[in-house]
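To start, the structure under review is shown below, and the notes come after it.
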Amino acid sequence: MKPVIALVDCNNFYASCEKLFRPDLKHKPLIVLSNNDGCVVARSREAKALGIKMGVPVFQVRGLIREQGIAVFSSNYALYADMSSRVMGVLEMLAPEVEIYSIDEAFLELTGVSHAVNLTDFGTQVRATVGQWTGIAVCVGIAPTKTLAKLANHAAKQYPATRGVVDLTDPERQRRLMALLPVSEVWGIGRRLTLRLNQLGIKTALDLAQTEPHWIQKEFSIVVARTVRELNGESCLELESVAPPKKQIVCSRSFGERIMDKHAMRGAIGQYTARAGEKLRHEKQVAKRITVFIRTSLFNAAEPSYGNTVTSELLRHTSDTRDLLAQSHRLLDSIWRDGYRYAKAGIMLSDFCSEAQGQRGLFDGIESRPHSPGLMKIIDQINQQKRGLVFLAGQGIKKEWSMRRDYLSPGYTTHWQDLPRVI
DNA sequence: TCTGGGGTCCTAGGACCC
DNA sequence: TCTGGGGTCCTAGGACCC
């Protein structure tokens, strides 16, 4: 049976979520900013038409925002995560197998489905159902491999005549589309690879598809060779409906205001450490390595710059915030330098194993903290209801460095007091 | 003045061993 | 005086993704 995969991708996801609860902005240009209100990370159709580019620093488009009356929102992650799980829930009802690929995209397994229904009709049905049940518009690309499904989805987004659904199972249709698309539109081909491929005369997706995979592997890597095979309809990337366990957890932020005081930095590092520990316990894993980094701004050449990263092994695998916090503060002490205006800091946990293996303390004989799992569980339970309600003293109390979110919308779907009102 | 955050995979090169 | 080569493991860094 020939494999068939669909890629369902939400249109301008963050911007669409904001518009859902602001019908007054329905046809208005709207943008969503990154954490700390730094860059533009999502744009409504109207904002794209005004020439606002993805990733542009917001201060560079202040003028345009004012002139055009563009609505601006800070990232409201609670809202997007909740809307995402609603969309994914609908998809899971419609397809036998679903891989949630990112907050706004999922691959659906459709192998065999094509015998029962017309694939374009199926895509249209997915679009209509998600739209009706969640209010979010999606596009659907259907093809024999993930890479081709990505291209099909791109076409569905780009060409309105497709009505948001492209069935790219026909090889001749694949060739016609690939001949139109620059190689940079292919999934897995980023800026650097585009440059090198172009130098070799490979300009379109079709040019890439027509290269020799062995030669590509020699010149580039096995990753690009796989992409070539996928473009030719040979499936190399499996659908992963069960998420594999994480291998690292990162928690990092830019500061709302520069940090110069070590005590404030200890608070920030403490905060990120606690959050990382919470994520780790949620994964039911324990970590052995911890990394701390701090740095000044990357963009201000005028002021003295400094950045440093340090990694160390914990005495044993752990997910106890107290262990993680003690170590991250020691690491901070080792790289902290007075006299700089720090812009960003973060911590990373890695070298994981499952809780069950870690807690036996196989190799060291060092006693774990008393009451560790019970205490952490209670802290997590309380904080699940309201983040940051209970915390360790090492996480700091004053949050003068916390990120800027000047344009935050209400938690419409996640907080009772923020429920939208109809007047 | 103001430029995000969180991931994955692969490769090259060094350390170490026999 | 002569000073190999292959294998494995680990890490840092690059490239990509959303």
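Small disclaimer: the values here were computed from a predicted structure and weren't measured. Every chain is numbered from 1, with letters handed out A, B, ... down the list of sequences. Just so it is clear, the values below take in all heavy atoms, side chains as well, and ignore hydrogens, waters and symmetry mates.
Relative to the side chain of Lys247(A), the nucleotides dG4(B), dG7(B), dT8(B) differ in distance, and dT8(B) lies closest. For Ser221(A), the listed nucleotide lying nearest its side chain is dC10(B); candidates were dG6(B), dG4(B), dC10(B).
Atom CD in Glu278(A) sits about 13 Å away from atom P in dG6(B), given to the nearest Å. Atom pair Lys344(A):NZ and dT3(B):C1' shows a separation of 11 Å (rounding to whole Å applied). Per the geometry, OH belonging to Tyr80(A) stands 17 Å off C1' belonging to dG6(B), to the nearest Å. For Arg404(A) and dG5(B), the CZ to C1' distance is 17 Å, given to the nearest whole Å. Atom C1' of nucleotide dG5(B) and atom CD of Gln248(A) are separated by 12 Å, given to the nearest angstrom. Atom NZ in Lys246(A) sits roughly 12 Å away from atom P in dC9(B) (whole-Å rounding). Nucleotide dG4(B) holds its P atom 16 Å from the CG atom of Asp406(A), rounded to whole Å. In this structure, Glu283(A) atom CD and dT8(B) atom C1' are separated by 14 Å, rounded to whole Å.
In this structure, the ring pair (Phe, Tyr, Trp, His ring centres under 6.0 Å) partners of Trp336(A), at least two apart in sequence or on a different chain, are Tyr342(A).
Distances shorter than 4.0 Å separate some side-chain N or O of Ser252(A) from OP1 or OP2 on dG6(B). Proximity of Arg62(A) to the phosphate of dT1(B): no side-chain N or O atom is located under 4.0 Å from OP1 or OP2. Applying the 4.0 Å criterion to OP1 and OP2 of dG5(B), one finds that Ser254(A) has a side-chain N or O inside that range.
Comparing Val223(A) and Ser34(A) along DNA chain B, the residue whose closest nucleotide (by nearest heavy atom) sits nearer the 5' end is Ser34(A). Nearer the 5' end of DNA chain B, as judged by each residue's closest nucleotide, is the contact made by Arg258(A), out of Arg258(A) and Asn35(A).
Arg275(A) comes within 4.0 angstrom of no nucleic acid atom, judged by non-hydrogen atoms across all strands. Residue contacts shown for Arg405(A) are absent, as no nucleic acid heavy atom lies under 4.0 Å away. Among the heavy atoms of the strands lying under 4.0 Å from Ile222(A) are primed sugar atoms or P, OP1, OP2 only; no base atom is included. Contacts of Leu33(A) with the nucleic acid, taken as non-hydrogen atoms under 4.0 Å apart, are absent. Using a 4.0 Å heavy-atom criterion, one finds that Asn36(A) contacts no nucleic acid atom at all. Arg196(A) comes within 4.0 angstrom of nothing in the nucleic acid, heavy atoms only.
No hydrogens or angles considered: a donor-acceptor pair under 3.5 Å links the side chains of Ser409(A) and Asn76(A). Side-chain contact annotation: Gln199(A) with Arg196(A), donor-acceptor N/O pair under 3.5 Å absent.
If you take atom P in dC17(B) and the same atom in dT3(C), they sit 23 Å apart, rounded to whole Å.
A salt bridge is defined here as a Lys NZ or Arg NE, NH1 or NH2 lying under 4.0 Å from an Asp or Glu carboxylate O, and Glu46(A) with Lys19(A) meets this definition. Lys150(A) and Asp9(A) are not joined by a salt bridge, as no carboxylate oxygen comes within less than 4.0 angstrom of a charged side-chain nitrogen.
Under the 30°/60° scheme for interplanar angles, the aromatic rings of Trp215(A) and Phe220(A) are found to stand perpendicular. Relative ring orientation between Tyr272(A) and Phe255(A) is described as parallel, the plane-to-plane angle staying below 30° on a 0-90° scale split at 30° and 60°. Using a 30° and 60° split on the angle between ring planes, Tyr412(A) and Phe21(A) fall in the parallel class, below 30°.
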For nucleotides 13-18 of chain C, print each protein N/O atom paired with a nucleotide N/O atom at under 3.5 Å, atom names and distance only.
unit_1: dA15(C); atom_1: OP2; unit_2: Arg192(A); atom_2: NH1; d: 3.1
unit_1: dC16(C); atom_1: OP1; unit_2: Gly190(A); atom_2: N; d: 3.2
unit_1: dC16(C); atom_1: OP1; unit_2: Gly190(A); atom_2: O; d: 3.4
unit_1: dC16(C); atom_1: OP1; unit_2: Arg192(A); atom_2: N; d: 3.4
unit_1: dC16(C); atom_1: OP1; unit_2: Leu193(A); atom_2: N; d: 2.7
unit_1: dC16(C); atom_1: OP2; unit_2: Arg192(A); atom_2: N; d: 3.3
unit_1: dC16(C); atom_1: O3'; unit_2: Gly188(A); atom_2: O; d: 3.4
unit_1: dC17(C); atom_1: OP1; unit_2: Gly188(A); atom_2: N; d: 2.8
unit_1: dC17(C); atom_1: OP1; unit_2: Ile189(A); atom_2: N; d: 3.3
unit_1: dC17(C); atom_1: O3'; unit_2: Trp187(A); atom_2: NE1; d: 3.3
unit_1: dC18(C); atom_1: OP1; unit_2: Lys150(A); atom_2: NZ; d: 2.6
unit_1: dC18(C); atom_1: O3'; unit_2: Ser102(A); atom_2: OG; d: 2.8
unit_1: dC18(C); atom_1: O3'; unit_2: Asp104(A); atom_2: OD1; d: 3.1
unit_1: dC18(C); atom_1: O3'; unit_2: Glu105(A); atom_2: OE2; d: 3.1

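For dA15(B), the paired nucleotide is dT8(C), the pair qualifying as Watson-Crick or G-U wobble because both relevant distances are below 3.5 Å.
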